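The structure appears below as structure tokens.
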There are 2 protein chains.
Amino acid sequence: MTALSDRGREFSALLLEVFRVNGLLLAAGDELAEPAGLTSARWQVLGVVDHGPCTIAQVARIMGLTRQAVRQTATSLVRDGMAEFHDNPQDLRAKLLALTPRGRSALRQVERRQAAWANDLAGRIALAELRAVTGTLRDLGDLLEDR
Amino acid sequence: MTALSDRGREFSALLLEVFRVNGLLLAAGDELAEPAGLTSARWQVLGVVDHGPCTIAQVARIMGLTRQAVRQTATSLVRDGMAEFHDNPQDLRAKLLALTPRGRSALRQVERRQAAWANDLAGRIALAELRAVTGTLRDLGDLLEDR
DNA sequence: GCCAGATTGACAAGTACCTGTCAAAGTGGG
DNA sequence: CCCACTTTGACAGGTACTTGTCAATCTGGC
């Protein structure tokens, strides 16, 4: 029987905190996006397309998701008039997803709210602590990716 | 136009790391659970029921999920012979979810694998760092919960 | 004992992801 | 030019969660 070591227990506590904070951040993101008629997923897709129209496959690669996930979100954005597909002279299959004026204004609105929220929260945590956590999490992420 | 402060940018970097590590942890959990015919969600429900049979509503409260989410997972566990519903003399509506021998052995198998995995990873990160990250994340979580 | 209100499981529908499969379109080697 | 390989969007189906609604059951105050 393999039991948890002391370190293993400390590590498990970290896992639970990551899950908890992740859930709270997602909820905060949805709350930030909601007044603009968006959700976290829709807002993030709009954010990518804001840098320039791109295909579903390109957005998926940038966001680290599958094409299918992005397609679903893109379809709903088009349905709601936030984005539209333009013909792509480079590739007949892959139309370019682009912001509509309505999508752009919704995105700007969320970005403003998000910045105020991030500035506020960031001000309540010591900068050194902030950097230390980010560093350790990055190391942990690399460790997890390596296997 | 509200822009991100320096601290806000540092905070945003932390957000991305939390999302990344969360995704990697979920993937690792599914990988750990898969050989036993489980998933992260199914394994966690079994883990709760292992402490003693309880109703769907009780499991949901313990896990911080809705009854509906737990009901779905519980139904699939019962379908696969990992758990079963027993009549509850205290409440005619709320049957008690309990482990079957097969569910118990699957759970034990995952717990062994999970402990070895956690011990291994925990050994690669300094204990002080581990504690510091957990502490800061807990503070951040409390901050997020307060609003 | 009864009735109001809370709790519970079930059902419906929606969001956000996933995998697998397919045909159409693009790309490069001989 | 053509044929193999890759990329792409679309479709089907699955997982894991959500909210809202409903009727049945439990619980506490009078």
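No hydrogens, no waters, no symmetry mates; every other heavy atom, side chains included, goes into these values. These numbers were taken from a predicted model, which means no experiment stands behind them. Naming convention: chains lettered A, B, ... in sequence-line order (proteins, then strands); numbering from 1 in each chain.
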* State which residues pass salt bridge (Lys or Arg N to Asp or Glu O under 4.0 Å) with A:Arg131; sequence neighbours excluded, sorted by chain then number. =>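 So A:Arg131 forms a salt bridge (Lys or Arg N to Asp or Glu O under 4.0 Å) with B:Glu10.
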
* To do: Apply salt bridge (Lys or Arg N to Asp or Glu O under 4.0 Å) to A:Asp91 and list each qualifying residue two or more places apart in sequence or on a separate chain.
  => A:Arg93

Closest contact, heavy atoms only, [X] versus [Y]:
X	Y	result
B:Arg67	B:Ile56	O-CG2, 3.5 Å
B:Cys54	B:Val48	SG-CG1, 4.2 Å
B:Leu97	B:Val49	O-CG1, 3.2 Å

* Salt bridge between A:Asp50 and A:Arg108, side-chain N to carboxylate O under 4.0 Å? -> yes

* Does A:Asp80 come within less than 4.0 Å of A:Arg42, counting only side-chain N to carboxylate O? ->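 A:Arg42 and A:Asp80: salt-bridged.
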
* To do: Mind running side chain to side chain donor-acceptor pair (under 3.5 Å) on B:Asn119 and A:Ser5 for me, showing each step along the way?
  => CA-CA 6 Å; B:Asn119 288 343; A:Ser5 65; 3.0 Å; yes

* Structure fact -> By nearest-heavy-atom nucleotide on DNA chain C, the more 5' of B:Arg61 and A:Gln90 is B:Arg61

* For A:Ala69 and for A:Asp91, locate the closest nucleotide of DNA chain C by heavy-atom distance; then report the residue assigned to the nucleotide nearer the 5' terminus. =>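 So the residue in question is A:Ala69.
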
* Sorted by number, the residues of residues 14-27 of chain B with heavy-atom contact under 4.0 Å to DNA chain D -> none

* Spacing between A:Leu92 atom CG and D:dT8 atom C1', to the nearest angstrom ->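 Computing the A:Leu92:CG to D:dT8:C1' distance gives 12 Å.
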
* Grab the CD-P distance between B:Glu34 and D:dA16 for me, whole Å please. => 12 Å

* Determine, for nucleotides 9-14 of chain D in 5'-to-3' order, which nucleotides have protein heavy atoms under 4.0 Å from the base (write B), from only the sugar-phosphate (write S), or from neither (write -). => BBB---

* Listed by chain and number, what are the side-chain hydrogen bond (donor to acceptor under 3.5 Å, both in side chains) partners of A:Arg20, not counting sequence neighbours? -> A:Glu17, B:Asp142, B:Glu145

* Asked: If two hydrophobic side chains count as joined below 4.5 Å and joins carry through other members, does B:Ile62 share a cluster with B:Leu107?
  -> yes

* Nucleotide interval of DNA chain C bounded by contacts with chain B (heavy-atom cut-off, under 4.0 Å) -> C:dT7 to C:dC11

* Could you walk me through whether B:Leu32 and B:Arg113 pass side chain to side chain contact (heavy atoms under 4.5 Å, CB included), step by step? => CA-CA 6 Å; B:Leu32 248 27; B:Arg113 285 169 57 85; 4.3 Å; yes

* Remember a base hit wins even if backbone is also touched, and classify A:Thr39 as base, sugar-phosphate or nothing at under 4.0 Å, heavy atoms. => sugar-phosphate

